[in-house]
Amino acid sequence: MMLEDNELIQVRKGKLEELRAMGINPYGQRYEVKDHAKEIHGKYGETSKEELENGKVQIKAAGRIVALRSFGKAAFAHILDASGKIQIYMKHDMLGEEQFKLMNLLDVGDHIGIEGFLFRTKTNELTIEVEKLALLSKSLRPLPEKWHGLTDIETRYRQRYVDLIVNPEVRDTFVTRNRIIKSIRAFLEGMSFLEVETPMMQQIPGGATARPFITHHNALDMDLYLRIAPELYLKRLIVGGLERVFELNRNFRNEGISIKHNPEFTMLEFYMAYADYRVLMDLTEELFSHIAQDIKGGLKFTYQGDEIDLTPPWSRMSMEEAIVKFAGASAEELNDLGRAREFAKKNSVPLEDGLSLAKVVNEIFEKTTEFRIMNPVFITDYPVELSPLSRRNDNNPDMVDRFELIIAGREMANAFSELNDPQDQFSRFQEQVALHDKGDEEAQFMDEDYVRALEYGMPPTAGEGIGIDRLVMLMTDSASIRDVILFPQLRKEQP
RNA sequence: GGGCCGCUAGCUCAUUCGGUAGAGCACCGCCCUUUUAAGGCGGGUGUGCUGGGUUCGAAUCCCAGGCGGCUCACCA
């Protein structure tokens, strides 16, 4: 990337030299900030003009100049700090010759520190009259224009720092993201879950069906995979007796990028000994309600124009029932391979040859039903062939005890009773290896150590994964995953 | 990776049919000590994404490439 050097930047570099000639270092030292914009507004928002004149309120604050209106011998500006904006007023009388010269060299974008006192302007705006002005950092690049701001999506993602300066709702989104994560931790810790960290660099990438990123350790001369899921490690911890664990961190999948996929994304996974997937349904309802109360102040809100109601209990239905209800198939159609394929064709669901009935139904669900589900629905009755780590259903060994949670047309969570039979797990890994040998790049790897762990005995356990980015999208009404990830993955910038 | 759309000044956008690029904000100069999209007067600062081609002449038409958005496929 070439750093451009246009006239606007040249002018500011000129000011830099002028400042240095005046003995001012344009990149200052520490500044003891005592007051912040939001606190000032909160504390003195109701204080009258007269009260402020009678009892002087001294202020020491710092921030970035985001608006500047100058009158020759005086100027108004707004400074922005992490908490918000406040207006300042600078005038020749108060500043004296030296500081007035400095004032005239200020630009929108500069960081300054100010000491002064509060007053109210003619229009009654709470304002700091500046007695002492310090330049803390000179900005060489002009900020985007004040009316339209920065709207170019590529620049907003590539230069998120600029986006954050000029688009306050972006800052709000990431503050909310952090509140959601804190809310989740508080909820799980309240239930005695232990937060743990397991390897992101794995010798055998397991726990999901996805293509991994590969990296190399030089000293060990060994290829490693960035994890696609922490699942198998977390269950080893259940074997180890930790009983309730969770991990809230990044996964990496070498798949396509879209409005709901980023190569690295944040996942919550938690495992609970002695529970089953039905326990997790109740827990999930509680967790989401807890978060929605914290963030939205209630269980009803809109997402991208659609009404969402998280009030429990949520619908629970099998994949087939959901297709019948939301896509208008009949139960008989979905129980016969030929008729199911016909239904798929009618609904333009592309199918490869030789798929089993279970896989055909799964395809139909994903293409015709999932996007129609707005309010939360727990989808159950997944076939064993799609779930190599899940416990078989006691009544139907072809099915597993698993659910996916759909909200706003998207998979928000995936949970199941864990397979704790080491012999069954071993043979399911073998089936995956056979699929991999046949060219299925996403089939899972054999993990013998994991089977060995199960041989020591894992208590009956239920586990769940929740896509945090998608949850944040839901709670912040964001259309794209890139709007809830600070630095989404992009191609290399043009030279 | 496929399809569709976009890319013009620092930012937001114009430029009708191919005739040699212009508005606002920002910036620069002058005036201005209560403004808040401050105001008044004056000034256009450009690799038109890149590289080819067609043409007397290309931001505009054609080809190739780049980056981005949406979408399909893969996936959560």
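Each chain gets a letter, A, B and so on, in the order the sequences are listed, and its residues count up from 1. The model shown is predicted, which means the values in this text are computed figures rather than measured ones. Only this structure's heavy atoms are used, side chains among them; waters, hydrogens and symmetry mates stay out.
Looking at heavy-atom distances under 4.0 Å, Asp469(A) makes no contact with the nucleic acid at all. Among the heavy atoms of the strands, none lies under 4.0 Å from Leu143(A). Residue-level contact check: Thr155(A) touches neither bases nor backbone, having no heavy atom under 4.0 Å from any strand. Using a 4.0 Å heavy-atom distance criterion, Arg491(A) is classed as a sugar-phosphate-only contact. Nucleic acid contact class of Gly467(A) (heavy atoms, under 4.0 Å, all strands): none. When heavy atoms are screened at a 4.0 angstrom cut-off, Gly465(A) is found touching no nucleic acid atom at all. Contact annotation for Asn262(A): base contact, defined as any heavy-atom pair under 4.0 Å involving a base atom. Counting non-hydrogen atoms under 4.0 angstrom, Arg482(A) reaches the backbone sugars and phosphates but no base. Residue-level contact check: Lys15(A) touches the backbone only, with heavy atoms under 4.0 Å from sugar-phosphate atoms and none from bases. Using a 4.0 Å heavy-atom cutoff across all strands shown, Thr151(A) reaches sugar-phosphate atoms only and no base atom. Among the atoms of the strands shown, only primed sugar atoms or phosphate atoms (P, OP1, OP2) are found under 4.0 Å from some heavy atom of Ile153(A). Using a 4.0 Å heavy-atom cutoff across all strands shown, Glu7(A) reaches at least one base atom of the nucleic acid. Within 4.0 Å of Tyr157(A), counting heavy atoms only, lie sugar-phosphate atoms of the nucleic acid but no base atom. Lys49(A) comes within contact range of no nucleotide atom at all, as no heavy-atom separation falls under 4.0 Å.
Across the protein-nucleic acid pair, Glu255(A) atom CD and G1(B) atom P stand 15 Å apart, rounded to whole Å. To the nearest angstrom, C1' of G29(B) lies 13 Å from CG of Asn104(A). Between the CG atom of Asp163(A) and the P atom of G68(B) there is a distance of 16 Å, rounded to whole Å. Rounded to whole Å, atom P of C32(B) lies 10 Å from atom CZ of Phe100(A). Straight-line distance from the NZ atom of Lys367(A) to the C1' atom of U71(B): 14 Å, rounded to whole Å. G10(B) atom P lies 16 Å from atom CD of Glu154(A), rounded to whole Å. Atom CD of Gln159(A) and atom P of G10(B) are 13 Å apart (whole Å). Between the CZ atom of Phe365(A) and the P atom of A76(B) there is a distance of 13 Å, rounded to whole Å.
To the nearest 0.5 Å, atom CZ of residue Phe301(A) and atom CD1 of residue Ile308(A) are 6.0 Å apart.
When the C1' atom is used for both G19(B) and A58(B), the distance is 10 Å, rounded to whole Å. On the P atoms, U15(B) is 15 Å away from A9(B), given to the nearest whole Å. For the P atom pair drawn from G1(B) and G57(B), the interatomic distance equals 37 Å after rounding to whole Å. G65(B) and G29(B) have their C1' atoms separated by 44 Å, given to the nearest Å. Straight-line distance between the P atoms of C31(B) and U20(B): roughly 39 Å, to the nearest whole Å. Nucleotides A23(B) and U33(B) place their P atoms 32 Å apart, quoted to the nearest Å. Nucleotides C13(B) and C63(B), compared at atom P, are 27 Å apart to the nearest Å. For G44(B) and C61(B), the C1' atoms lie 29 Å apart once the distance is rounded to whole Å.
Out of U34(B), U71(B), C32(B), the shortest distance to the side chain of Thr121(A) is found at U34(B). Candidate nucleotides A76(B), C32(B), C11(B) were compared by shortest atom distance to the side chain of Ile481(A), and A76(B) ranks first. In this structure, the nucleotide among C28(B), G10(B), C74(B) sitting nearest to the side chain of Pro142(A) is G10(B). The Leu8(A) side chain lies nearest to C27(B) when the options are C74(B), C27(B), U34(B). The listed nucleotides are A73(B), G69(B), U12(B); the one nearest the side chain of Leu490(A) is G69(B). Nearest nucleotide to the Asp107(A) side chain, out of U33(B), C28(B), U12(B): C28(B).
Between His436(A) and Phe445(A), the ring planes are tilted. Angles from 30° to 60° get that label. Between Phe119(A) and Tyr89(A), the ring-plane angle classifies as tilted under the 30° and 60° cut-offs.
Contact detail for Thr198(A) and Pro230(A): the closest heavy-atom pair is OG1-CB, 3.7 Å.
Looking only at distances, no side-chain donor or acceptor of Glu18(A) sits under 3.5 Å from a matching main-chain atom of Leu105(A).
In this structure, Arg278(A) places its CZ atom where only 12 or fewer heavy-atom neighbours from other residues, nucleotides or ligands lie under 6.0 Å away.
Using the Watson-Crick or G-U wobble rule with both distances under 3.5 Å, U12(B) pairs with A23(B). The pairing partner recorded for G6(B) is C67(B), the criterion being a Watson-Crick or G-U wobble arrangement whose two distances lie under 3.5 angstrom. Figure legend. G1(B) is base-paired to C72(B); pairs are counted as Watson-Crick or G-U wobble with both atom distances under 3.5 Å.
With Asn249(A) as the fixed residue, the side-chain contact (heavy atoms from CB on, under 4.5 Å) test singles out one of Met200(A), Met267(A), Glu269(A): Met200(A).
A donor N or O paired with an acceptor N or O is not found under 3.5 Å between the base of U45(B) and the side-chain atoms of Asn6(A). Judged by distance alone with a 3.5 Å cut-off, no donor-acceptor contact links the side chain of Glu145(A) to the base of G10(B). Judged by distance alone, with hydrogens and angles left aside, Gln87(A) brings a side-chain donor or acceptor within reach of the base of U35(B), the pair sitting under 3.5 Å.
If you look at Phe252(A) and Phe265(A), their ring centroids are not closer than 6.0 Å. The distance between the ring centers of Tyr277(A) and Phe416(A) does not fall below 6.0 angstrom.
At least one side-chain nitrogen or oxygen of Arg253(A) sits closer than 4.0 Å to the OP1 or OP2 atom of A76(B). Phosphate proximity of G68(B) to Arg158(A): present, with a side-chain N or O under 4.0 Å from OP1 or OP2.
Both thresholds, 5.5 Å between centres and 30° between ring planes, are met by Phe76(A) relative to the base of U35(B), so the two rings are stacked.
When each of Arg12(A) and Lys260(A) is assigned the nucleotide of RNA chain B bearing its nearest heavy atom, the one mapping closer to the 5' terminus is Arg12(A).
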